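Values reported hereafter were calculated over all heavy atoms of this structure, with side chains retained and with hydrogens, waters and symmetry mates removed. Because the structure is a prediction, the values reported are computed rather than measured.
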Amino acid sequence: MTAPLRWRVARLVERRVETPSAHTLVLEVPDWPGHVPGQHVDLRLTAEDGYQAARSYSVAGPVVDGTGGPRIEVTVQRVPDGEVSPYLIDTYAEGDPVEVRGPVGGWFVWRPEETAPVLLVGGGSGVVPLMAMIRARRAAGNRAPFRLLYSVRTPDDVIYADELRRRARDDFGLDVAYVYTRQTPPGWRGEPHRIGLADVNSHGWPPDLEPLCYVCGPTGFVETVADLLVGLGHQSRRVKTERFGPTG
């Protein structure tokens, strides 16, 4: 029988601003048991009056060793009128505690021993667990070909923009493509649009290569992309999806 997950007290050791509304938090978590890319954790805050609020966040990369113990990263997108995300972005300071429980999830995961081609399709902050897979691939020296198709509203909304640009250049076998839904970069060919068949067909893998497909984002986005992939001939069991809602 699997032991129940327990809450651990973590502390913030570093913060990185990814976009005006998304920050990456580096948390030092004593006795962290490890995780695989695609899993997530629960973060819980407790107010002075005892009120508690918890939210789930995808882990953004492999565990690393810190001076005080293992470190994990989560990227938090601000949700208007949210309870947890505004605190984590605006108030939570280095050295402050937060409770962490995990890792959670075993379906939407990629393991470094996999050799099949991989298609990653992310919408907005749905790129976070996909970036964990990209980072884990490089850390493990895995040579499986990866393609990321990333849909965002505007160029300013691209999470991990600099890192993705660098990895597309330096990580052999990684291709990165974008779909902009509201505003395109200067000189971009094409108009803003929602992701469609032409995008998935052009930037994905042919189904006869039997790629592993990971799709993460808002529910409507995920359903659209998953239907497109299956319609193109991809096996539904190789199309793994992760959806998120507006809770924050």
CE on M133 to CZ on R111, rounded to 0.5 Å: 10.5 Å
Other residues, nucleotides, ligands: >12 heavy atoms within 6.0 Å of D81 CG: no
Inter-residue atom distance D156.CG - R182.CZ, 0.5 Å rounding: 13.0 Å
Selection residues 117-146 - residue pairs positive for ring-ring contact (aromatic ring centres under 6.0 Å, His included), sequence neighbours left out: W110-F146
Separation between CD of Q77 and OG1 of T19, rounded to the nearest 0.5 Å: 5.5 Å
Residues E14 and R71 bridged, charged N to O under 4.0 Å: no
Shortest non-hydrogen contact from P37 toward A136: CG-CB, 3.7 Å
I'd like a table of donor-acceptor pairs (distance under 3.5 Å, sequence neighbours excluded) in which one partner is a side-chain atom from residues 228-239, with atom names and distances.
residue : atom : partner : partner atom : Å
H234    : NE2  : W205    : O            : 3.2
Q235    : OE1  : R237    : NE           : 3.0
Q235    : OE1  : R237    : NH2          : 2.8
Q235    : NE2  : E210    : OE2          : 3.3
R238    : NE   : E210    : O            : 3.1
R238    : NE   : P211    : O            : 3.4
R238    : NH2  : E210    : O            : 2.8

Qualifying residues under side chain to side chain donor-acceptor pair (under 3.5 Å), relative to N142, sequence neighbours excluded: none
Could you go through residues 91-103 and list every donor-acceptor pair under 3.5 Å that involves a side-chain atom there, pairing it with any protein atom two or more places apart or in another chain?
residue : atom : partner : partner atom : Å
Y92     : OH   : L12     : N            : 3.4
Y92     : OH   : D96     : O            : 3.0
D96     : OD2  : A93     : N            : 3.0
E99     : OE1  : R44     : NE           : 2.9
E99     : OE1  : R44     : NH2          : 3.3
E99     : OE2  : R44     : NH2          : 2.9
R101    : NE   : D42     : OD2          : 3.4
R101    : NH2  : D42     : OD2          : 3.2

Main-chain N/O of R194 paired with T181 side-chain donor or acceptor, under 3.5 Å: no
No-hydrogen, no-angle side-chain donor-acceptor test under 3.5 Å, T75 and Y160: yes
Atom pair CZ (R143) and CZ (R138), whose distance is rounded to the nearest 0.5 Å: 9.0 Å
Side chain to side chain contact (heavy atoms under 4.5 Å, CB included) partner of V225, the single match among T241, D199, V121, L149: V121
Distance, nearest 0.5 Å, that separates OG1 of T184 from NE2 of H193: 10.5 Å
Minimal non-hydrogen separation, V76 against I89, with atom names: O-CD1, 3.7 Å
Results of salt bridge (Lys or Arg N to Asp or Glu O under 4.0 Å) for E73 - residues two or more places apart only: R16, R135
Verdict with reasoning, Q39 to V36, per side chain to side chain contact (heavy atoms under 4.5 Å, CB included): CA-CA 6 Å; Q39 290 187 302; V36 293; 3.5 Å; yes
CE-CD1 distance between M131 and I159, expressed to the nearest 0.5 angstrom: 9.5 Å
Results of side chain to side chain contact (heavy atoms under 4.5 Å, CB included) for P129 - residues two or more places apart only: S58, F108, C216
